[in-house]
Undergrad: 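Would you mind keeping the following structure in view while I ask a few things?
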Amino acid sequence: MDQNKQIIVLGSGKNQSKHMNLLKKNGFQIIVIDKFKKKNKQIHQYIRHSLYQKNLKNIKRKLVKLKINNIIYRSSGPTILIAYSLENFFKIKRIDKYLAKSIYSKKYFGNFLEKNNFPHMKQKTVKKFQKINLQNIKVLKPDSPILGKKDIFIKKSFNLKNYLKCKNNSHNKKVILCEYIKGRDINSFFIVNKRKKIFVKANFEELNFISKNTIKKSKILMPIRNLDLKTLDKVNKISLKIIKKFKEYYGAISITSRLDINDN
């Protein structure tokens, strides 16, 4: 096996198949880590392990003799913790602890934005169910969702049953309360190369709605309609400043901004 062409892929679902096809064509030996083993001729080695389990001793024991070139994953959830830990193990400088924790926890990311003087939504962690009477606090949701955009409740549906749904869908078992800001969701998608040069690849608007306590996407608008170019430029500049805080990162990264009705 080519020692310089070994690569770890976290997860073997359909979203990873295109990545694995491309890697195989370019001569990489693919090591997949996933809870569910699937038959796939592209895969050289399969390690059965939950992507949500923190204990990695079993994985590291099987990988210790390998020279891993990089780690590929498609996730904005708890999988980031395994990616961060494995990159440290193989001395790959890419994900720092601030980026890993920001992706993992909504509350941590909110605190990170506040600490660095970026715009952010007001939110607080709720450790146990209680009656809530806070002005502008209108949304209850998981802090670290296992299933993204699910189990999100508005103020009139705050109750113990729904609180427990949020908690059970949160990997760290934390639930957060946050303000609701009516407006538009504008996505900035970037590529950061190994020399840390950042390119804006795309801007688009997500049209979202809530159905059965789940955020669903009705469509994506690209180009974005009826948005002043100065406002879009401001969104991208703030997003770039946030990304630059994660000094080692390279690869694809996106940030979604909520614009209020006044385009702030």
Side-chain angles (χ1 to χ4, degrees), residues 1-97 99-100 102-104 145-149 171 187-202 204 206 217 220 222 243 246 248-256:
M1 184 152 86
D2 188 342
Q3 289 288 305
N4 295 312
K5 301 281 276 187
Q6 299 171 350
I7 199 159
I8 291 173
V9 176
L10 300 180
S12 58
K14 62 180 181 180
N15 290 324
Q16 297 285 45
S17 60
K18 288 184 179 179
H19 299 311
M20 288 193 286
N21 276 331
L22 189 60
L23 291 168
K24 189 74 173 178
K25 286 178 182 177
N26 283 276
F28 282 95
Q29 300 283 352
I30 300 169
I31 297 101
V32 164
I33 300 172
D34 199 342
K35 183 178 180 180
F36 304 104
K37 189 170 183 178
K38 301 179 180 72
K39 291 182 179 180
N40 193 320
K41 293 180 180 179
Q42 301 165 324
I43 299 168
H44 181 267
Q45 183 178 347
Y46 223 116
I47 299 174
R48 293 191 70 172
H49 193 282
S50 171
L51 297 177
Y52 297 157
Q53 187 177 330
K54 293 180 181 179
N55 188 346
L56 300 181
K57 288 183 180 179
N58 183 45
I59 293 178
K60 291 175 179 178
R61 191 163 51 245
K62 292 181 179 181
L63 296 174
V64 68
K65 294 182 180 180
L66 301 180
K67 184 179 179 182
I68 299 300
N69 183 274
N70 221 318
I71 297 166
I72 303 294
Y73 53 96
R74 183 186 182 275
S75 174
S76 58
T79 305
I80 193 68
L81 298 183
I82 284 187
Y84 169 65
S85 179
L86 289 176
E87 286 194 357
N88 281 341
F89 182 69
F90 289 108
K91 296 180 172 56
I92 298 170
K93 290 187 176 182
R94 198 161 91 97
I95 304 169
D96 65 29
K97 66 178 181 179
L99 178 57
S102 292
I103 290 172
Y104 177 69
I146 296 169
L147 298 174
K149 300 182 178 181
H171 187 256
N187 189 291
S188 302
F189 185 85
F190 302 89
I191 296 293
V192 187
N193 68 17
K194 285 190 175 182
R195 288 176 287 181
K196 308 303 181 291
K197 187 173 178 63
I198 304 173
F199 303 90
V200 182
K201 296 300 290 184
F204 55 87
E206 290 185 15
K217 183 167 56 185
I220 287 176
M222 191 173 72
I243 292 169
F246 311 122
E248 300 292 345
Y249 185 76
Y250 60 88
I253 188 166
S254 67
I255 295 180
T256 301

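For reference, positions follow the sequence shown, starting with 1.
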Undergrad: With sequence neighbours left out, which residue pairs that include part of residues 19-29 fulfil the salt bridge (Lys or Arg N to Asp or Glu O under 4.0 Å) condition?
TA: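 Pairs touching residues 19-29 that pass the test: none.
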
Undergrad: Quick one: does His171's side chain have a donor or acceptor within less than 3.5 Å of a partner on Tyr52's backbone?
TA: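 Between the backbone of Tyr52 and the side chain of His171 there is a qualifying donor-acceptor contact (under 3.5 Å).
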
Undergrad: Quick one: pull up CD in Glu87 and CD1 in Ile95 and give me the separation to the nearest 0.5 Å.
TA: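 If I round to the nearest 0.5 Å, the distance is 4.0 Å.
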
Undergrad: Identify the heavy atoms of Ile30 and Met20 that sit nearest to each other, and give their distance.
TA: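 Scanning both residues completely, I find the closest heavy atoms to be CD1-O, 3.5 Å.
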
Undergrad: Which distance, rounded to the nearest 0.5 Å, do you find between the CD1 of Ile8 and the CD1 of Ile68?
TA: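 Separation between the atoms: 4.0 Å.
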
Undergrad: For Glu206, give me all partners under salt bridge (charged side-chain N to carboxylate O under 4.0 Å, His left out), at least two apart in sequence or on another chain.
TA: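 Scan of Glu206 (salt bridge (charged side-chain N to carboxylate O under 4.0 Å, His left out), adjacent residues dropped) gives Lys149.
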
Undergrad: Roughly how far, to the nearest 0.5 Å, is CG of Asp34 from CG of Leu10?
TA: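 Between atom CG of Leu10 and atom CG of Asp34 there are 9.0 Å.
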
Undergrad: Using the side chain to side chain donor-acceptor pair (under 3.5 Å) criterion, which residues pair with Tyr250? Sequence neighbours excluded.
TA: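 Scan of Tyr250 (side chain to side chain donor-acceptor pair (under 3.5 Å), adjacent residues dropped) gives Asn70.
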
Undergrad: Search all heavy atoms of Tyr249 against all heavy atoms of Leu99 and return the closest pair with its distance.
TA: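 Tyr249 and Leu99 have their closest heavy atoms at CD1-CD2, 3.5 Å.
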
Undergrad: Checking Lys93 side chain against Lys91 main chain: does a donor-acceptor pair fall under 3.5 Å?
TA: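 Not confirmed, Lys93 side chain does not pair with Lys91 backbone.
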
Undergrad: Are more than 12 heavy atoms, taken from residues, nucleotides or ligands other than Lys196, located less than 6.0 Å from that residue's NZ atom?
TA: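 Counting neighbours around NZ of Lys196, more than 12 heavy atoms of other residues, nucleotides or ligands fall under 6.0 Å, so yes.
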
Undergrad: To the closest 0.5 Å, what do you measure between CD (Gln29) and NZ (Lys5)?
TA: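 These two atoms lie 10.0 Å from each other.
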
Undergrad: Rounded to the nearest 0.5 Å, what's the gap from CD1 on Ile198 to CD1 on Ile243? Could you check?
TA: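 Rounded to the nearest 0.5 Å, the CD1-CD1 separation comes to 5.5 Å.
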
Undergrad: Any side-chain to backbone donor/acceptor pair from Asn55 onto Lys57? Under 3.5 Å, distance only.
TA: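 Pair found, side chain donor or acceptor close to backbone of Lys57.
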
Undergrad: Under the rule for side chain to side chain donor-acceptor pair (under 3.5 Å), what residues qualify as partners of Tyr73, not counting sequence neighbours?
TA: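 Side chain to side chain donor-acceptor pair (under 3.5 Å) check on Tyr73 returns nothing, list empty.
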
Undergrad: How would you list, by chain and number, every residue that makes a ring pair (Phe, Tyr, Trp, His ring centres under 6.0 Å) with Tyr46, sequence neighbours excluded?
TA: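 In terms of ring pair (Phe, Tyr, Trp, His ring centres under 6.0 Å), with neighbours along the sequence ignored, Tyr46 is linked to no residue.
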
Undergrad: Which distance, rounded to the nearest 0.5 Å, do you find between the CZ of Phe199 and the CG of Asn193?
TA: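 CG of Asn193 is found 5.0 Å from CZ of Phe199.
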
Undergrad: With no hydrogens and no angle check, is any side-chain donor or acceptor of Gln45 less than 3.5 Å from a backbone partner on Ile31?
TA: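 The answer is no, because no donor-acceptor pair under 3.5 Å joins these two groups.
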
Undergrad: Taking ring pair (Phe, Tyr, Trp, His ring centres under 6.0 Å) as the definition, give me every residue that meets it alongside Phe190, ordered by chain and number, with sequence neighbours left out.
TA: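 For Phe190, no residue satisfies ring pair (Phe, Tyr, Trp, His ring centres under 6.0 Å) once neighbours in sequence are set aside.
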
Undergrad: Taking side chain to side chain donor-acceptor pair (under 3.5 Å) as the definition, give me every residue that meets it alongside Asp96, ordered by chain and number, with sequence neighbours left out.
TA: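 Testing Asp96 for side chain to side chain donor-acceptor pair (under 3.5 Å), a comparison that skips the adjacent residues, returns none.
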
Undergrad: For residues 78-86, please give each side-chain donor-acceptor pair under 3.5 Å, one per line with the distance, not counting sequence neighbours.
TA:
residue	atom	partner	partner atom	Å
Ser85	OG	Lys60	NZ	3.4

Undergrad: Please name all residues satisfying side chain to side chain donor-acceptor pair (under 3.5 Å) with Ser50, sequence neighbours left out, ordered by chain then number.
TA: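 Partners of Ser50 under the side chain to side chain donor-acceptor pair (under 3.5 Å) test: none.
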
Undergrad: Using the test ring pair (Phe, Tyr, Trp, His ring centres under 6.0 Å), find all partners of His49 that sit at least two apart in sequence or belong to another chain.
TA: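 Residues passing ring pair (Phe, Tyr, Trp, His ring centres under 6.0 Å) with His49: none at all.
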
Undergrad: Mind running side-chain contact (heavy atoms from CB on, under 4.5 Å) on Phe28 and Leu22 for me, showing each step along the way?
TA: CA-CA 9 Å; Phe28 282 95; Leu22 189 60; over 6 Å; no

Undergrad: Considering all heavy atoms of both residues, which atom of Gln16 and which atom of Gly11 are nearest to each other, and what is their separation?
TA: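 In terms of heavy atoms, the two residues are closest at CG-O, 3.3 Å.
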
Undergrad: Measure across Ile7 and Ile71 and return the closest heavy-atom pair with its distance rounded to 0.1 Å.
TA: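 Scanning both residues completely, I find the closest heavy atoms to be CG1-N, 4.5 Å.
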
